[in-house]
> 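Below you'll find the structure I mean.
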Amino acid sequence: MSETQFSNSVTLRDNRNGATYDFPILDGTMGPSVIDISNFYKDTGMFTLDRGYTSTAMCKSSITYIDGEKGELMHRGYDIAWLAKNKRYLDVVYLLLNKKLPSKEEYNAFLYELKTRSFINEKILKLFDAFPDRAHPMAVLQACIATLSAYYSKDMSFDDPGEYMEMAKRLVAKMPTLAAFYYRHSKGYPIIYPDLARGFTENFLYMMRSFPHSHVDLKPIEVKALDSVLMLHADHEQNASTTTVRTVGSTHAHPYACISAGIGALWGHAHGGANESVIRQLEMIGTPENVDKYIAKAKDKSDPFRLMGFGHRVYKNYDPRAKVLKGLRNQLIEEIGIDTNLIRVANRLEEIVLNDEYFVSRNLYPNVDFNSGLILKALGIPTEMFAVIFVMGRSPGWMAQWIELKEQESIKIVRPRQLYIGPERINE
Ligand code: ACO
């Protein structure tokens, strides 16, 4: 065995010829260590195969920490349950982007900066007309954000570190406006412009629900519930959409092109599209009496049916975000009411999953989408807008991750390899 050149390392032995290779072990501040295999191919002439990157660290990051076994989530060291209890969504946005929580003055200045950036160039509205009736809002939002890159690309200023924060603030500020404007357009309702006298989250609900002749009265619990949903989605380290943002970012693409790609990744029902699928599935199940039939389908290996809103790649415990939202969901149901059959089906499903051997042995718990879907439904948000709300919440996280990528000493383009299993050379 060769003598290791690293203070901590693992040794790989190739049993075909007895050759050994050492790879350094890197320790983070918390969580599992990683084996640095950057030189793996150079040293061994082989690649590693890791479908779905279940054992691969994509990058070094100081933004978000998850302990999936314990069910813990922290942003820049602050526990999500503490943030949800004591802070607002914009505090977390500020924290992700500025690496610290804001003081009262900083919060107010930040809110003002976002408000003044919340208007959009109205030429973008013409894009809405290019879409067929009943286009999914995620398709429209993805196109709108890609279009924003054309409006903010003068002199490639997005590649200037002095512009990163401006890029982030602009995106976070305009996302709710674009989402609400498209919703109004799709319904044929008059567009309601941002009201600078309102708070960030309140403003979105106001743009969604008001009419020129009657401005909506929002209950504090409604604003609080949506604010919490946004906060709990703000970042989640290297999930599929964030990895997409970083992958596109590694090619030095425009940040809004990266975010647009992230929106595409998030749309799928295995990811951010799940909150929409949760409600559609609960509606399909219909009554608590039907739950057992669908539980049986979920457990049947010959049936591709899955229970939406349950299970998570990282959490093998109760998703801490789902825990916070469950309390809020109950509060909301009490205060404003919700379709009771839907809630009864949800309660019955949750009860079975938390006790049934199939789900317990696979560590399948309710995830954030299970409760966020129910909360958004209670808030009267149209189901097809649920993933859009997820995107709104996640935008600052994506931008923080993009900035972190850009601030690295050198960016390595993401370029995985493959195990080729096609035909060998055919010589005709
Ligand atoms: N219903 C029924 N069985 C499930 C479910 C489910 N929702 N989720 C996982 N399983 C089973 C699998 O069939 C598998 O069983 P097996 O070991 O007998 O083959 C086992 O649990 C492990 O499942 P994997 O798919 O290997 O787990 P993975 O970590 O790859 O997938 C995922 C995680 C995609 C979230 C999965 O649990 C799922 O499809 N859930 C439903 C969709 C959903 O709610 N997505 C939102 C995720 S949260 C988010 O993106 C914010």
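Both ligands and their constituent atoms are indexed starting at 1 by order of listing.
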> Identify, chain by chain and in numerical order, each protein residue with a heavy atom under 4.0 Å from an atom of ligand 1.
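Contacts of ligand 1 under 4.0 Å: H269, A270, H271, A274, A298, K301, R306, L307, M308, G309, F310, G311, H312, R313, K316, Y358, R362, L364, N367, V368, D369, F390.
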> Answer yes or no on whether R362 is positioned over the face of Y358, meaning its NZ or CZ is under 6.0 Å from the six-membered ring centre and within 45° of the axis.
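Judged by the rule (NZ or CZ under 6.0 Å from the ring centre, within 45° of its axis), R362 counts as positioned above Y358.
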> Quick check on salt bridge (charged side-chain N to carboxylate O under 4.0 Å, His left out): which of K323, R321, K316 does D319 satisfy it with?
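Going through the options one by one, the only one that passes is R321.
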> Centre-to-centre under 6.0 Å for Y294 and F305, is that the case here?
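Aromatic pair counts; centres sit under 6.0 Å.
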> Which residues pass the ring pair (Phe, Tyr, Trp, His ring centres under 6.0 Å) test with H185, not counting sequence neighbours?
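H185 satisfies ring pair (Phe, Tyr, Trp, His ring centres under 6.0 Å) with F128 only.
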> Check ring pair (Phe, Tyr, Trp, His ring centres under 6.0 Å) between Y193 and all other residues, then give those that pass, not counting sequence neighbours.
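Partners of Y193 by the ring pair (Phe, Tyr, Trp, His ring centres under 6.0 Å) criterion, ordered by chain and then number, come out as F181.
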> For residues 223-239, which residue pairs pass the salt bridge (Lys or Arg N to Asp or Glu O under 4.0 Å) check, not counting sequence neighbours?
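Found none.
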